[in-house]
S.K.: 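Sharing a structure with you now.
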2 protein chains.
Amino acid sequence: MKIGELAKQSGLSTHTLRFYEKQGLIRASTRSESNYRIYSQADLSAVRFVKRSRDMGFSLEEVGVFLSIRADKPAHVCREAKDLAQQKIFEVEQKIHEMQQMLTALHKLSDACCGGNESAEFCSIIEVLDYTSVEQDEGYSVPAGKGKA
Amino acid sequence: MKIGELAKQSGLSTHTLRFYEKQGLIRASTRSESNYRIYSQADLSAVRFVKRSRDMGFSLEEVGVFLSIRADKPAHVCREAKDLAQQKIFEVEQKIHEMQQMLTALHKLSDACCGGNESAEFCSIIEVLDYTSVEQDEGYSVPAGKGKA
DNA sequence: ATAAACCTTAGACTAGACTCTAATGTCAAG
DNA sequence: CTTGACATTAGAGTCTAGTCTAAGGTTTAT
């Protein structure tokens with residue numbers, strides 16, 4: 001199949017497929033007489049492998065490592081793959097934790113504000129941003145008084 | 001205070017402070033005779049305001065909006081600020097959800113693999129990446145048999 | 001034979017938030 | 001009076017992962 005068909009089958013754009021090739025990730029197993037990229041079913045599998053890896057959060061570089069393991073399994077050991085997975089789990093957990101902290105702060109920010117058409121003169125959001133730090137573990141000391149608005 | 005001191009007080013680098021100025025976010029209230037930026041306590045407050053907003057996940061552009069509300073509160077209404085906050089909450093929730101999906105997939109990936117020094121010939125991680133899609137809501141059909149390894 | 005739809009390449013551009021460089025000027029201390 | 005730490009500017013570079021363009025060549029159907 002040609003690149004357009006591969007794009008359809010894989011859910012990636014032709015641009016992206018050529019970009020991946022430039023990055024050394026995937027390449028067509030053959031070329032037609034007119035120099036068109038011709039992909040096999042195995043190529044499609046490889047592309048899907050890449051897409052799945054990306055969807056799980058692996059970077060193109062990490063995907064490259066997986067691909068090289070996949071290309072010559074006996075030359076590699078399980079630990080290599082598992083280390084990558086564990087590292088990624090750690091990274092994703094970190095990020096989720098950070099975002100949950102943000103979310104907590106954002107809810108405090110949002111909840112304090114009436115959100116109406118009142119003048120922002122005493123807007124709690126602006127006040128909280130003026131006096132609160134996100135780093136704290138607890139006790140975001142919202143400036144006293146005012147309550148909503 | 002000069003920019004180096006502001007950097008220390010705010011936890012941002014001098015580079016970043018100048019960059020924020022170029023982006024139109026913060027500027028020194030005065031300049032010395034030798035053209036050095038001279039910052040006031042109010043400037044420090046503004047910079048901290050920016051940093052806190054950033055820490056909560058707002059983009060520089062969004063921070064700019066908050067700053068303009070803060071600069072002339074009576075000219076704005078609470079809704080403007082609250083809308084931004086709510087939108088950000090939505091975005092962060094979305095991202096957390098995505099990452100939790102990844103995490104689930106990653107755990108399945110990792111748990112299936114022994115992670116030892118065994119050859120990767122039958123490595124479950126590579127197998128799962130070959131046959132599993134992250135998009136599915138449930139039932140990541142790990143290829144049958146093999147179990148660990 | 002000609003238009004539509006496909007393919008090729010190198011290389012530029014995008015986003016967001018910095019981060020750094022070069023070349024130069026200023027200031028405080030010893 | 002020199003050294004070192006600080007400051008200035010414009011502008012380039014970094015990172016990741018694409019995304020797009022220009023200028024052409026090929027294939028397929030009508």
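Quick note on labels: first sequence line is chain A, next is B, and so on, each numbered from 1.
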S.K.: A:Glu5 CD to D:dT28 P: how many Å, rounded?
M.R.: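 Answer to the nearest Å: 14 Å.
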S.K.: Measure the distance from CG on A:Leu25 to P on D:dG18 and round it to the nearest whole Å.
M.R.: 10 Å
S.K.: In whole angstroms, how far is the P atom of D:dC15 from the CD atom of A:Gln23?
M.R.: 13 Å
S.K.: Does B:Leu60 or B:Ser34 map to a spot on DNA chain C nearer the 5' end, using the closest nucleotide for each?
M.R.: B:Leu60
S.K.: Quick one: are B:Phe66 and A:Ile125 in side-chain contact, heavy atoms under 4.5 Å?
M.R.: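 Side chain of B:Phe66 against side chain of A:Ile125, heavy atoms only: contact under 4.5 Å found.
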S.K.: Atom CG of A:Leu6 and atom P of C:dC6: how far apart are they, to the nearest Å?
M.R.: 15 Å
S.K.: Consider only side-chain N and O atoms of A:Glu62 and A:Ser59, and report whether a donor and an acceptor are under 3.5 Å apart.
M.R.: yes
S.K.: Rounded off to whole Å, could you give me the OH-to-C1' distance for the A:Tyr39 and C:dC7 pair?
M.R.: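 It is 11 Å, rounded to the nearest whole Å.
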S.K.: Are A:Leu12 and A:Tyr36 grouped together when hydrophobic residues (ILVMFWY) are joined by side-chain heavy atoms under 4.5 angstrom apart?
M.R.: no
S.K.: What does B:Arg18 touch in the nucleic acid at a heavy-atom separation under 4.0 angstrom: a base, only the sugar-phosphate, or nothing?
M.R.: base
S.K.: How many Å lie between NZ on B:Lys22 and P on C:dC18, as a whole number?
M.R.: 13 Å
S.K.: What I want to check is whether an N or O donor and acceptor connect the side chain of B:Tyr36 with the base of C:dG25 at under 3.5 Å.
M.R.: yes
S.K.: Would you kindly give the OH-to-P distance between A:Tyr20 and D:dT16, to the nearest whole Å?
M.R.: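 Distance, rounded to whole Å: 14 Å.
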S.K.: So, does A:Lys82 use its side chain to make a donor-acceptor pair with the main chain of B:Cys113 at under 3.5 Å?
M.R.: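 Here the side-chain-to-backbone pair exists.
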S.K.: Of B:Asn35 and A:Arg54, whose nearest nucleotide on DNA chain D comes first from the 5' end?
M.R.: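 Taking each residue's closest nucleotide, the earlier one in sequence belongs to B:Asn35.
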S.K.: For B:Arg27, I'd like to know if atom CZ has over 12 heavy atoms of other residues, nucleotides or ligands within 6.0 Å.
M.R.: no
S.K.: Judged by each residue's nearest nucleotide on DNA chain C, which is more toward the 5′ side, B:Ser13 or A:Lys8?
M.R.: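 Going by which nucleotide is closer to the 5' end, it is A:Lys8.
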S.K.: Quick one: label A:Ser59 by what it contacts on the DNA or RNA (base, sugar-phosphate, nothing), any heavy atom closer than 4.0 Å.
M.R.: sugar-phosphate
S.K.: Please tell me which of the listed nucleotides, C:dC7, C:dC18, D:dT9, lies nearest to the side chain of B:Arg37?
M.R.: D:dT9
S.K.: Between C1' on D:dG13 and CZ on B:Phe19, what's the gap in Å once rounded to a whole number?
M.R.: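 Spelled out: CZ on B:Phe19 to C1' on D:dG13 is 13 Å.
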S.K.: Between A:His15 and A:Ser32, name the one whose nearest nucleotide on DNA chain D is closer to the 5' end.
M.R.: A:His15
